[in-house]
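Working notes for the structure below.
Below, read A as the first sequence line, B as the second, and so on, with proteins coming before strands; counting in each chain starts at 1.
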2 protein chains.
Amino acid sequence: MPPSHTPGLDDGRAADPLQGTVDALVQLSFLVQGLLTRVAADHELSLVQVRLLGILRDRRPGMLELARHLDLDKSSMTGLVTRAERRGLVERLPSPHDGRGVLVGLTPLGRELTDRFTAEMDRRMAALTASLTAAEHTQIRALSAGLLRAAAEQA
Amino acid sequence: MPPSHTPGLDDGRAADPLQGTVDALVQLSFLVQGLLTRVAADHELSLVQVRLLGILRDRRPGMLELARHLDLDKSSMTGLVTRAERRGLVERLPSPHDGRGVLVGLTPLGRELTDRFTAEMDRRMAALTASLTAAEHTQIRALSAGLLRAAAEQA
DNA sequence: TATTGTTATACTCTATAACTATA
DNA sequence: TATAGTTATAGAGTATAACAATA
């Protein structure tokens with residue numbers, strides 16, 4: 001792989017057109033993740049907390065299901081949920097069907113924060129993609145869908 | 001914002017073509033970062049360690065310069081470099097021009113590991129993009145370059 | 001016995017504030 | 001005084017192993 005693979009390697013001086021596809025995808029991923037991380041931090045959230053809240057927008061899963069979605073060990077979920085609970089963003093509810101289980105759901109405060117984060121992220125991403133043509137928007141969606149499909153097939 | 005914003009939200013069932021540009025970019029970024037993280041873990045590296053080693057491939061910066069590149073506080077660098085040093089991947093050298101400073105460089109072992117990581121990452125990304133047409137490869141590079149430029153302009 | 005979740009423990013990563021040594 | 005770097009400390013995030021309670 002050519003020059004970088006990661007940001008921080010190029011100082012901004014390497015906006016070269018010879019950049020390969022791998023570097024393009026890697027650098028783009030760091031750009032988007034950096035934006036996500038900064039907007040999350042502005043809301044006093046970490047990236048994993050944003051993901052947690054995002055999952056809970058339309059579900060009320062148990063701890064194991066959450067762990068699967070986030071690709072974490074179940075033991076890592078306990079602290080993650082507890083910290084979010086301490087901030088009043090989520091709540092643990094006893095599972096009605098299984099005395100061992102708990103269900104995790106958003107509180108109204110958690111939903112508000114999630115919505116505010118999402119709105120701000122949309123705003124920032126819109127600013128970033130403002131200069132793209134309609135054709136380029138279409139390209140992005142198609143390329144992303146294609147690569148996600150390829151990844152799913154490999155798994 | 002539509003449905004997700006993050007992976008783990010869609011179960012794989014939401015490969016829908018109505019996905020917006022923001023979601024496309026966010027999901028693509030999680031795909032690439034997930035791959036980076038997994039390949040890094042296969043080499044017993046974290047993402048930030050990969051970035052550190054990547055920076056050192058063609059430089060021998062001081063701690064402050066490293067902190068700037070990685071967007072970390074200088075105090076965070078001490079432990080990061082110390083842990084890498086303990087594993088024999090990098091070394092601290094006294095700065096020849098400044099009695100206070102140290103320069104950080106890759107060891108031969110660190111360079112080997114960096115090269116192995118990079119080769120594996122290339123292999124995995126190549127597998128992912130294997131089915132893309134030449135035109136699509138060009139599109140990715142152009143889109144990435146354009147968005148990185150837009151981000152640079154905003155900063 | 002198997003499953004759900006927590007606890008105990010240890011490590012990485014990160015920041016803030018205070019410090020040392022050199023410039 | 002200012003700068004380069006470390007230390008002390010605190011906290012988030014993660015995993016492994018052992019545990020409790022329920023199925």
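Here the closest heavy-atom approach between residue Arg87(A) and residue Leu45(A) is recorded as NH1-CD2, 3.9 Å.
Atom-to-atom, CG of Leu47(A) to C1' of dT14(D) comes out at 15 Å; the value is rounded to the nearest Å. Between Leu70(A) atom CG and dA15(D) atom P there is a gap of 10 Å when expressed in whole angstrom units. One atom, CZ of Arg38(B), and another, P of dT14(D), lie 15 Å apart when rounded to the nearest Å. dC19(D) atom C1' lies 14 Å from atom CG of Asp73(A), rounded to whole Å. Atom C1' of nucleotide dA12(D) and atom CG of Leu72(A) are separated by 13 Å, given to the nearest angstrom.
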Exercise. Could you go step by step and tell me if Leu25(B) and Leu147(B) meet the side chain to side chain contact (heavy atoms under 4.5 Å, CB included) rule?
Worked result: CA-CA 11 Å; Leu25(B) 285 170; Leu147(B) 291 171; 4.1 Å; yes
Exercise. Does the salt bridge (Lys or Arg N to Asp or Glu O under 4.0 Å) test come out yes or no for Arg124(B) and Glu120(B), once each step is laid out?
Worked result: CA-CA 6 Å; Arg124(B) 302 282 287 268; Glu120(B) 175 64 8; 3.4 Å; yes
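Of the residues in residues 74-84 of chain A, Ser75(A), Ser76(A), Leu80(A), Arg83(A) come within less than 4.0 Å of DNA chain D through at least one heavy atom, sorted by number. Near DNA chain C, meaning a heavy atom under 4.0 Å from it, residues 87-115 of chain B has Asp98(B), Gly99(B), Arg100(B) in order of number.
In this structure, the side chains of Leu70(B) and Leu80(B) come closer than 4.5 Å at one or more pairs of heavy atoms.
In this structure, Val48(A) and Leu64(B) both approach DNA chain D, and ranking their closest nucleotides by distance from the 5' end singles out Leu64(B).
In this structure a side-chain-to-backbone donor-acceptor pair under 3.5 Å is present from Arg111(B) to Arg57(B). A distance-only check finds no donor-acceptor pair linking the side chain of Ser95(B) to the backbone of Val102(B) [under 3.5 Å]. Side chain of Gln27(A) to backbone of Ala24(A): no donor-acceptor contact under 3.5 angstrom is found. A donor-acceptor pair is defined here as one N or O able to donate and one able to accept, closer than 3.5 Å; such a pair exists between the side chain of Thr118(A) and the backbone of Thr114(A). Between the side chain of Glu85(A) and the backbone N or O of Arg92(A), at least one donor-acceptor pair lies under 3.5 Å. Remark: the backbone N or O of Leu132(A) is not paired with any side-chain donor or acceptor of Thr129(A) at under 3.5 angstrom.
Between Glu153(A) and Arg149(A) no salt bridge is recorded (no basic side-chain N to carboxylate O distance below 4.0 Å).
Chain B approaches DNA chain C over the interval dT12(C) to dA23(C), counting the first and last nucleotide 5' to 3' with an atom under 4.0 Å from its heavy atoms.
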